[in-house]
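Single-structure report; data block below.
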Amino acid sequence: MKIGILQALTGKVASIGKGQIRGIELALEDRNGKVAGHDVLFQIEDTGCSPEGGANAVLKILADPEQIAILGTTCSGAAATVSRAMSSAGFTMVSGNNSATFLTAIGGRRAPQWQPGYFRTAPNEENAGKAAAMYAAKVLGVSKAAVINDGDIYTQGLTHSFVKMFKGLGGKVVLDTAINKGDKEMAPVLTATINSGAEFLFCPLFQPEGNYILLKTREMSGFENIPVMSAGALIDRSFLNAVGEKARGMYFVGPSSPATSITKELGKKYTLKYGAPPSTSYYLSAYDAATLLFEAIEKVAVPGHVPGTLYIGRQALRKTLYGIKKFKGATGLLTCDEFGDCGDPAFDVFRMDEPSLGMEGLLLNVQFSYSPVGQREEDVAGAHK
C-alpha cells in the first residue's frame, strides 16, 4: 500500500518536517505497521517549505497510479500548490502542520485556496491571530500595534486575522507591512515600527527571518517597552538554540498543547524510538493526520477477487474523511468540517520567562487561552493584569 509523504526536510523548518514524519511513523507503528492488513510503503519527498518545492514534489507522487493518498505538507505555502495538483487528480491529502487560513476557511466561508480533498488536523490559524489580538488589547491593554509578515500565505493569514480582531476591539494598527523571505537586515522595518508609535509588535515569521527580527529588537533603543509576539513556526527547539537568552520575555501564540495520558505515552515512545524528545508538539497533529487517513482507508477498502487485492475509491475516501465526527485523537476530539478543518481551534499565548527551561518550559507558561467554540476566553495564572 503506497502513501506519499510531502514534508520540508531541508532548511530552517526541517526539524518540524522530520517531526511530522516521525508522528506518521508512530501512528503506523501503533497499527503494527499495517493498514487494512497490508504493509505500507511511504514515498517521502522534500518540499523545501516553498510553493515551487511543493509543486515539484507532488508531481513525483502523482506520477505513480498506485499511490493512495498524501500526508503533508509541513508549510502552508507548499500546501497551496500541492493541494491544487492533488485535488485535480482526485487525491486526498491530510496535513498535520498546515494552518494558514487561506487553505480552508475564513470567517466560516470558503477560503481562496480551498481545494476538495484537502484536510488538516492542525487548527486554523485564523483563531491564533484572534488570540494574539485579544491578548494584546484585553490583557496587555495596548491600543496601537504593528504587524509584519513575509508574504507567505501562513504569515499573511495570521496578520490579517490579528488586524481584523484588533481593530474590532477598538485598537489601531499603526503599521501593517512585510519583509521578504531571505532578508537579513531588519533595522529599517523595526525603525518604522518604533516611529509608528506601536506599543506591540506581532510578527509571525519563520526562521531565519524571525530570529533576525528578535535579535535586532534586543539591540535597538525603543524596543524596551514594546512586547514582541511570534507564532507557531518559532515554537521549536531550533529557534531557542539560535537565539538563546535573547528570547526571554518574548511571546508566542500557538495551538493549545494537550497533556493527556495519550500524549505522555506518545512522548515516551517518540523519545525511545528516536533517541531525543520531540522538538515541538506538532508531531501529535501528524500522528492524528495519519491515524485519520488510515482509519478512512480501512473503512472504504473493498477486497478484490484476487486474494490480497484491495480497491480504494478516491471519492469514497474523501467522503469518509468529511464525515469524521468526534474522533478521539491525540490532540483531542477531531471533527472534519466541509472545508477540511478537523482540529480543535483552541490557541494559547505563551511567554518565554526562562529560556533555560526550553520549549517545555515555554509551553507550561500559558498566559491566555482562546477558542471560538463557546467563545472560551480566559486569563490564566501568570497573566499580566
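From a predicted model like this one, the values you see are computed outputs, not experimental measurements.
Not counting sequence neighbours, Lys167 has no partner by the side-chain hydrogen bond (donor to acceptor under 3.5 Å, both in side chains) test. Every side chain to side chain contact (heavy atoms under 4.5 Å, CB included) that Glu360 has, sequence neighbours left out, goes to Arg237. For the side chain to side chain contact (heavy atoms under 4.5 Å, CB included) test, residues two or more places apart in sequence or in another chain that qualify with Asp353 are Arg351, Asn365. Not counting sequence neighbours, the partners of Lys216 by the side-chain hydrogen bond (donor to acceptor under 3.5 Å, both in side chains) test are Glu219. By the side chain to side chain contact (heavy atoms under 4.5 Å, CB included) test, Thr177 pairs with Ile148, Leu175, Val189, sequence neighbours left out. Partners of Lys164 under the side chain to side chain contact (heavy atoms under 4.5 Å, CB included) rule, at least two apart in sequence or in another chain, do not exist in this structure. By the side-chain hydrogen bond (donor to acceptor under 3.5 Å, both in side chains) test, Glu295 is found to be paired with Arg31, residues two or more places apart in sequence or in another chain being considered.
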Validation: residues 123-131 side-chain donor-acceptor distances under 3.5 Å, sequence neighbours left out:
from, atom 1, to, atom 2, distance (Å)
Asn124, OD1, Glu126, N, 2.9
Asn124, ND2, Thr104, OG1, 3.3
Asn124, ND2, Ala105, O, 2.9
Asn124, ND2, Asp341, OD2, 3.3
Glu125, OE2, Ser99, OG, 3.0
Glu126, OE1, Gly107, N, 3.3
Glu126, OE2, Gly107, N, 2.8

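If you take CD on Gln207 and CD1 on Ile213, they are separated by 13.5 Å, rounding to the nearest 0.5 Å. Taken from CG in Leu334 to SG in Cys342, the straight-line distance is 7.0 Å, to the nearest 0.5 Å.
Think of Val174 as one node in a network of Ile, Leu, Val, Met, Phe, Trp and Tyr side chains linked at under 4.5 Å; it has no links at all. Under a 4.5 Å side-chain heavy-atom criterion applied to ILVMFWY residues, the cluster that includes Leu364 comprises that residue alone. Under the 4.5 angstrom side-chain criterion for Ile, Leu, Val, Met, Phe, Trp and Tyr, the cluster partners of Leu26 are Ile262, Leu266, Tyr270, Tyr274, Tyr283, Leu284, Tyr287.
Taking the six-membered ring where the residue is Trp, the centroids of Phe166 and Phe200 are separated by 6.0 Å or more. Between Phe252 and Phe350, the distance from one ring center to the other does not fall under 6.0 angstrom. Between Tyr251 and Tyr135, a ring centre-to-centre spacing shorter than 6.0 Å is recorded.
Pairs passing the ring-ring contact (aromatic ring centres under 6.0 Å, His included) check and including a residue from residues 288-322, sequence neighbours excluded, read Phe119-Tyr322.
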